[in-house]
Amino acid sequence: MRHRINKLTQLNTWAKKKEVFVKILLSNLVKNGKITTTPKRAKVLKAEADAFFSKLVKTYTRYSDENDAKRECINIVKAEIFGEEEGKKVINTLLPKYLQDKPKSYVASYKMWFRKWDAAEQIMLKLL
């Protein structure tokens, strides 16, 4: 029996926890602007990235004072993103862009080629 286990969001990784692996993927996505991975990992990463950026936008718009809003967003970024440069990139470049545009999705996915050595399907995730 399943008992509320969602098989689509389970990742078979060598990492101790799924959350750490997803945070590493999210940090690499922010650092490079795009990432190529398998469909299952792409699905999990897209959901996590959309939730992360929507949480940032919602938190920023909740406060009337800009300094308070920025401080709260910095705390959220420190909890989710590994690396100081990636965090600064989120706060200084991506967040103002997303506040102006207000997109429905923050990450686009494109089907790519198959890997040569194991014929696994590849999906490219790109920040909008």
Side-chain angles (χ1 to χ4, degrees):
M1 288 187 251
R2 285 186 58 213
H3 295 296
R4 296 185 186 186
I5 296 174
N6 190 355
K7 295 277 186 179
L8 295 176
T9 60
Q10 288 183 347
L11 295 175
N12 295 327
T13 63
W14 293 282
K16 295 270 182 190
K17 297 217 177 230
K18 180 188 107 170
E19 294 86 18
V20 174
F21 186 71
V22 172
K23 284 181 183 182
I24 290 169
L25 285 175
L26 184 61
S27 299
N28 286 335
L29 178 65
V30 168
K31 180 180 179 182
N32 300 323
K34 63 181 179 178
I35 192 169
T36 305
T37 184
T38 59
K40 198 169 187 181
R41 290 180 181 179
K43 187 173 186 177
V44 172
L45 180 60
K46 184 173 166 77
E48 287 287 328
D50 284 340
F52 171 69
F53 286 117
S54 65
K55 183 177 180 181
L56 278 179
V57 169
K58 196 182 295 183
T59 303
Y60 195 89
T61 56
R62 188 180 323 143
Y63 291 94
S64 58
D65 187 25
E66 185 177 339
N67 291 332
D68 291 339
K70 203 169 233 187
R71 190 175 310 118
E72 286 297 320
C73 289
I74 287 171
N75 288 338
I76 293 170
V77 168
K78 282 183 179 179
E80 293 293 323
I81 299 288
F82 295 134
E84 192 172 323
E85 295 108 23
E86 290 86 0
K88 287 181 180 178
K89 183 177 178 181
V90 169
I91 296 295
N92 296 332
T93 60
L94 296 176
L95 185 60
K97 183 173 84 170
Y98 293 150
L99 286 170
Q100 289 177 355
D101 296 343
K102 299 207 179 191
K104 291 183 180 178
S105 178
Y106 302 96
V107 179
S109 61
Y110 303 102
K111 282 191 177 181
M112 300 296 282
W113 57 90
F114 291 93
R115 280 195 300 222
K116 286 186 180 180
W117 58 89
D118 65 349
E121 185 180 358
Q122 294 291 294
I123 293 182
M124 182 176 72
L125 296 175
K126 189 174 183 181
L127 287 174
L128 296 177

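Worth saying up front: this structure is predicted, and the values here are computed from it rather than measured.
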Hey, could you give me the NZ/OG distance between Lys126 and Ser109, rounded to the nearest 0.5 Å?
12.5 Å

Rounded distance [0.5 Å steps], OH in Tyr60 versus CD in Glu66:
3.5 Å

State, yes or no, whether a side-chain contact exists between Phe53 and Leu127 at a heavy-atom distance under 4.5 Å.
yes

For Met112, which fellow cluster members are found when Ile, Leu, Val, Met, Phe, Trp and Tyr are connected by side-chain heavy-atom distances below 4.5 angstrom, either directly or through intermediates?
Tyr110, Trp113, Met124

Just checking Lys97: does its NZ atom have more than 12 heavy atoms from other residues, nucleotides or ligands closer to it than 6.0 angstrom?
yes

Is a side-chain donor or acceptor of Asp118 paired with a backbone partner of Ala120 at a separation under 3.5 angstrom?
yes

For Lys46 and Val107, indicate whether the former's side chain and the latter's backbone hold a donor-acceptor pair under 3.5 Å.
yes

Rounded at 0.5 Å granularity, tell me how far CG in Leu25 sits from CD1 in Ile35.
5.0 Å

Which atom names give the shortest non-hydrogen contact between Leu95 and Cys73, and what distance separates them?
CD2-SG, 4.0 Å

Nearest heavy-atom approach of Pro96 to Ile91 is CD-O, 3.4 Å

Linking I/L/V/M/F/W/Y whenever their side-chain heavy atoms sit closer than 4.5 Å, directly or via other members, would Val57 and Tyr63 fall into one cluster?
no

Show your reasoning for whether side-chain contact (heavy atoms from CB on, under 4.5 Å) applies to Ile76 and Lys55.
CA-CA 9 Å; Ile76 293 170; Lys55 183 177 180 181; 4.2 Å; yes

Taking the side chain as every heavy atom from C-beta outward, state whether Leu125 and Lys34 have any atom pair closer than 4.5 Å.
no

Could you tell me whether Lys23 and Glu19 have a side-chain N and a carboxylate O separated by less than 4.0 Å?
no

Report yes if some heavy atom in the side chain of Tyr106 is under 4.5 Å from a heavy atom in the side chain of Leu94; otherwise report no.
no

Quick one: does any side-chain atom of Lys111 pair with a main-chain N or O of Gln122 as donor and acceptor, under 3.5 Å?
no

Testing the basics here: between Ile81 and Glu86, what is the closest heavy-atom pair and its distance to 0.1 Å?
CG2-CB, 3.6 Å

With rounding to the nearest 0.5 angstrom, report the CG to CG distance, Leu26 to Leu45.
6.0 Å

Carefully, step by step, assess Arg115 and Thr38 under the rule side-chain contact (heavy atoms from CB on, under 4.5 Å).
CA-CA 10 Å; Arg115 280 195 300 222; Thr38 59; 4.1 Å; yes

Minimum heavy-atom distance between Pro39 and Glu121, given as atom pair plus value:
CD-O, 3.3 Å

Can you list everything that forms a salt bridge (Lys or Arg N to Asp or Glu O under 4.0 Å) with Glu85? Sequence neighbours excluded, please.
none

Hydrophobic clustering (ILVMFWY, side-chain heavy atoms < 4.5 Å, transitive) - are Phe52 and Leu99 grouped together?
yes

Atom NZ in Lys102, atom OG1 in Thr61: separation rounded to 0.5 Å?
6.0 Å

Is there a path from Ile74 to Tyr98 through hydrophobic residues (I, L, V, M, F, W, Y) whose side chains come within less than 4.5 Å of each other?
yes

